[in-house]
Structure formats: C-alpha cells, structure tokens
Amino acid sequence: MAAESEPEGTIKINSPCINLEKLPHLTDYLPTLKTYTNPLQHNPFFHPSNGFYVTPTDIVLRHIVYDISSSSPSPHLAYLRAGPRKQIFFDPTESTRAAIVNCGGLCPGLNTVIRELVVGLWDLYGLRHIYGIQAGYRGFYSTDMAPLQLNPKMVHGWHKTGGTLLQTSRGGFHLQNIVDAIQRYGFNQVYIIGGDGSMRGAVKIFDEIRRRKLNVGVVGIPKTVDNDVGIIDRSFGFQTAVEMAQEAINAAHVEAESAVNGIGLVKLMGRSTGHIALHATLSSRDVDCCLIPENKFYLEGKGGLFEFLEHRLKENGHAVVVVAEGAGQDMIPRTDAQKEERDESGNPVFLDVGSWLKSELKKWWDRDHPNELFTVKYIDPTYMIRAVPANATDSMYCTLLAHSAIHGIMAGYTGFVCGPINGNYAYIPLEEVAQAKNEVDTRDHKWAWVRSVTNQPDFEKT
C-alpha cells in the first residue's frame with residue numbers, strides 16, 4: 001500500500017553543534033517516487049514498537065573523544081544511524097530486483113555477507129528476485145557468466161565455508177558496460193562488497209546511475225582483511241585474520257625456541273597498513289619485533305634491527321619477528337621492470353619482504369658471527385588466513401552489515417556505505433569512504449602498547 005511521507009533525504013537537523021553529513025537519496029533526482037509501508041510493520045516476528053524504527057534525526061557521531069578545554073570547538077561531525085525505516089521506496093512484492101557482487105581478493109566472511117543479504121532481502125522484505133554477479137565487476141557484462149538467481153535454500157550453508165561461492169576477480173571495471181548491464185537486467189538495487197578500490201568503482205557506478213536518473217540504489221559493503229578502510233571501526237574478516245595469525249606466530253615461536261639462535265619470521269597481510277601485525281603482536285605476547293609500513297625501519301647500525309636481534313638472541317636464545325607485507329618495500333632492490341609492474345587493480349606489485357628479510361638476516365649472521373649456529377624459519381600464512389570462514393564475532397558483524405545495507409537501500413538511500421562508528425552502525429557517503437584511509441597512528445597509545453610489549457627500537461636515527 002502506498003503511503004504519504006516526506007522523503008528522509010529532505011530532513012535537516014538544525015543544531016549549531018552538529019554537522020550532519022548529507023546522504024544521497026533517490027528522491028534527490030527522482031522526486032515523485034512512491035513510498036510504501038515497511039513490511040516489517042506486519043511481520044509477526046518483529047512486532048514493531050516505539051523505538052523500533054530509526055528516524056531521520058537519529059545520528060551517530062564520528063568522534064566521541066574531545067578535549068573540552070578548546071576555546072572554539074568545531075561542530076560534531078555526524079552520520080545518519082543505520083536501521084529500518086517506517087517508510088520504504090521499493091515495492092518488494094513486484095518488480096524490485098537486487099544484484100550482489102563481490103570484488104577483489106578473498107576475505108573471511110564473504111559468503112556470510114552474501115548469505116545474509118539473500119536471507120534478509122527474502123525474509124525481511126519479501127524480495128524474490130535476487131541475483132549474484134559472478135567473478136567480480138566483469139561478471140555484469142561478461143557473456144560467459146549470467147547472473148545467478150539466489151534464494152535462502154541455495155545459500156543456506158554458505159556461511160560455513162571460506163572464500164566466495166560467487167567467485168571473484170580483480171580488475172574488469174568497465175563503467176559503461178556495468179551500468180548498461182544493470183539497466184538491461186532491470187536491477188533496482190546493487191550491493192557491492194569490496195575494498196577501497198572496489199568502493200572507488202562503486203562511486204563511479206553511483207554517479208553514472210544518478211546521471212542517467214535510474215531508479216537504482218547502490219550500497220557498498222567494505223571488505224578488506226587489512227582493515228585499511230577509513231571512517232568505520234573495522235572491516236569484516238579482520239578479527240578472524242588476527243585470530244588465525246596467532247597460529248602462525250605460535251608456530252614461529254616454537255620453531256625459534258627449539259633452535260640455537262633461532263629466529264621465527266612471520267609475514268602477515270598489510271600492504272599499506274599494519275593493523276593485522278599490530279593486533280597480532282598485542283594478542284600474542286611472543287613477538288619480539290613488529291615491522292609495519294607506517295613505521296620505517298633499517299637493518300644496520302646503532303638502533304637498527306640487527307643490533308636489536310643480536311641483543312635478543314644473547315638474552316633469550318631466540319626471537320620472533322612479525323612483518324607486514326608492505327613494510328620495508330623501499331629497501332628491497334628492484335629492477336626497472338619491477339618498479340613499473342602493476343596488478344590487475346592497478347596497485348604496485350610488492351616483492352616478498354619476508355624472503356628478502358630472511359636472506360638479509362642470514363647474510364648478517366654469516367658476516368658477523370661465522371661458524372656460529374643460526375636459523376631463520378619463515379612462515380607466510382597469507383592464503384591460509386584469507387580462505388578460512390569467519391569466526392563467531394565476524395559472522396555476527398557480517399549479519400549486521402548485511403541487514404544495515406538492506407534497511408538503508410530499501411529506505412531510498414543510495415551511494416552509501418554501512419558500517420560501525422564507535423560501535424553504532426551508520427550510513428556514510430560512498431565517496432568519503434573511498435577516499436579515507438585507516439593507517440596505524442604510530443603516535444597514539446596503541447603503538448605505544450606494542451613498544452611496551454616488544455621493547456623494540458623506534459628506528460629513528462639520531
């Protein structure tokens with residue numbers, strides 16, 4: 001049944017203390033869209049009561065820690081709170097068609113998000129036309145991969161498996177072909193699961209859909225094991241990755257402790273940020289040195305890595321080193337061809353910092369300690385970590401992300417990302433998330449905790 005309601009996109013919060021980020025809405029360029037009563041209103045499992053529906057004035061603050069001594073505090077940046085709205089802008093019983101695509105590398109929880117999108121659309125809103133786009137962005141327009149129709153029975157056990165049963169790929173982004181395919185298949189809702197590169201692609205898709213004035217909502221669900229997506233608290237799969245990294249660190253510790261002058265070397269994921277290495281180090285307590293992209297290090301000389309490890313070996317007889325894949329890349333010798341090499345997503349191809357560091361450690365020991373026993377055991381658990389199913393915490397998080405995305409797009413919002421900010425789920429403009437970075441701040445308390453656990457040098461030359 002159609003209902004009269006003012007579109008949420010037109011509501012404004014009048015407060016000098018709050019700067020509310022405007023979220024794109026379909027009515028911005030399609031002002032005559034009908035609204036419908038949310039089917040949850042009559043769902044016997046919900047019994048909506050006061051406070052069940054989120055209102056246009058429910059907000060989430062970007063920052064919750066402030067120095068109140070500031071003489072001229074700036075307004076608090078805020079985003080709309082995620083959740084079900086009383087009025088929706090799609091009729092789920094008729095022609096609404098949803099497309100789900102995942103792009104980029106693997107991540108624990110991918111299948112869980114897909115499953116919960118399908119089940120949520122089907123059970124909460126009654127959608128019966130749900131399609132999975134296979135093999136990433138290129139699956140929209142590839143003649144070899146037609147959209148796969150999905151239903152709750154088909155995806156019932158997907159959350160128990162790692163990887164993605166929709167398959168994925170890097171690259172393949174062709175804007176006109178993708179949006180043409182969205183029009184051709186009649187999709188009204190597009191759910192894009194991916195990292196920062198995929199989110200930048202989602203911004204372009206949203207802009208082109210808005211330019212064509214199509215009644216199509218676009219939502220991004222941030223995915224990256226590295227946890228390098230900005231603004232939100234964390235990306236799904238991250239906690240599972242940290243948990244799995246513990247197994248590699250434990251193995252490296254056993255190997256190092258079992259050898260004379262043994263070093264256990266573990267390379268963890270983290271191209272531009274060292275969050276996995278940092279959190280794994282704090283969780284393990286067996287790590288002697290944590291090397292991340294945000295904190296430059298050097299090998300030789302006073303205050304260098306070799307001097308520190310020599311001291312540790314004399315003191316304890318063994319050491320464990322954790323290095324993020326993006327750390328030390330500027331120190332690894334490269335050919336001219338390697339300097340220019342790019343992957344399918346356009347990112348510079350990194351060399352294996354673990355293999356390089358293992359070689360450098362052996363050269364150092366042979367030079368400075370000839371005829372003394374020494375061993376380096378190198379462990380790279382990258383693909384083992386990426387391929388596992390999500391743990392309990394990440395599985396619950398994936399469900400909340402999926403449902404938040406569904407509620408937002410059904411309410412007519414578009415060009416947004418859903419995610420937790422200070423523990424509360426919010427809707428954030430896609431463009432902001434695509435541009436934001438979540439790097440480790442080596443000046444804050446968390447990095448100080450790492451230093452207190454490892455007692456490693458700061459690698460600052462004096």
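Residues meeting the side chain to side chain contact (heavy atoms under 4.5 Å, CB included) test with S258, sequence neighbours left out: V254. Every salt bridge (charged side-chain N to carboxylate O under 4.0 Å, His left out) that D288 has, sequence neighbours left out, goes to R312. Looking at residues two or more places apart in sequence or on another chain, you find a side chain to side chain donor-acceptor pair (under 3.5 Å) between H275 and N438. In this structure K437 satisfies the salt bridge (charged side-chain N to carboxylate O under 4.0 Å, His left out) test together with D196, sequence neighbours excluded. Taking the salt bridge (charged side-chain N to carboxylate O under 4.0 Å, His left out) definition, one finds that R443 meets it with D441, sequence neighbours left out.
Enclosure of atom NZ in K358 by more than 12 non-hydrogen atoms of other residues, nucleotides or ligands within 6.0 angstrom is indicated. In the displayed structure, F52 atom CZ is contacted under 6.0 Å by more than 12 heavy atoms of other residues, nucleotides or ligands.
Aromatic pair Y131/F187: centroids less than 6.0 angstrom apart. When ring centroids are compared, H174 and F140 stay outside the 6.0 Å threshold. The ring of F238 has its center closer than 6.0 angstrom to the ring center of H279.
You'll find the side chain of Q456 stays beyond 4.5 Å of the side chain of F297, heavy atoms only. No side-chain heavy atom of I332 sits under 4.5 Å from any side-chain heavy atom of F350. Taking 4.5 Å as the limit, some side-chain heavy atom of N215 sits within range of a side-chain heavy atom of F90. Within the 4.5 Å cutoff, side-chain heavy atoms of E208 are placed close to those of L175. Side-chain contact between I209 and V179 is present, with at least one heavy-atom pair separated by less than 4.5 Å. Side-chain contact check for V190 versus V216: some heavy-atom pair is nearer than 4.5 Å. By the 4.5 Å heavy-atom criterion applied to side chains, D226 and S272 are not counted as neighbours.
Geometric assessment of R62 against the ring of Y79 yields a negative cation-pi assignment under the 6.0 Å and 45° thresholds. Both the sub-6.0 Å distance and the 45° axial angle are satisfied by R234 relative to the ring of Y397.
We find that D207 and K204 are not joined by a salt bridge, their nearest charged nitrogen and carboxylate oxygen being 4.0 Å or further apart.
Side-chain contact annotation: N188 with T96, donor-acceptor N/O pair under 3.5 Å absent. In summary, the side chains of Y53 and Q41 do present a donor paired with an acceptor at a separation below 3.5 Å, with no hydrogens or angles considered. For the residue pair T442 / N295, no side-chain donor-acceptor distance below 3.5 Å is found, with atom types taken as modelled. Neither side chain, Y125 nor D91, offers a donor N or O lying under 3.5 Å from an acceptor on the other. Donor-acceptor pairing under 3.5 Å is recorded for the side chains of D380 and T382. With hydrogens and angles left out, the side-chain atoms of N102 and T164 include a donor and acceptor closer than 3.5 Å. With 3.5 Å as the limit, one finds no donor-acceptor pair spanning the side chains of Q329 and R271.
Here M396 contributes atom CE and Q239 contributes atom CD; the two are 9.0 Å apart, rounded to the nearest 0.5 Å. With rounding to the nearest 0.5 Å, the separation of CZ in R81 from OG1 in T57 is 10.5 Å. Note that CG of L61 is 8.5 Å distant from CG of L77, once rounded to the nearest 0.5 Å. Note that the SG atom of C398 and the NE2 atom of H403 stand 11.0 Å from one another [nearest 0.5 Å]. Here SG of C418 is found 10.5 Å from NE2 of H407. Values are rounded to the nearest 0.5 Å.
Judged by distance alone, the side chain of K223 and the main-chain N or O of G105 form a donor-acceptor pair under 3.5 Å. The backbone N or O of V450 sits less than 3.5 Å from a side-chain atom of T454, completing a donor-acceptor pair. Formation of a donor-acceptor pair under 3.5 Å by the H25 side chain with backbone atoms of T27 is found in this model. The closest donor-acceptor contact from the side chain of E325 to the backbone of G270 lies under 3.5 Å. Between the side chain of R285 and the main chain of V453, no donor-acceptor pair closer than 3.5 Å is present.
Classification of the Y413-Y427 ring pair by plane angle, with boundaries at 30° and 60°, yields tilted. In this pair, H253 and H318 present their aromatic rings perpendicular. The plane angle is above 60°, beyond the 30 to 60° band.
For L268 against P381, the heavy-atom pair with the smallest separation is CD2-CG, 3.9 Å.
Sorted by first and then second residue, the salt bridge (Lys or Arg N to Asp or Glu O under 4.0 Å) pairs involving residues 116-135 (not counting sequence neighbours) form an empty list.
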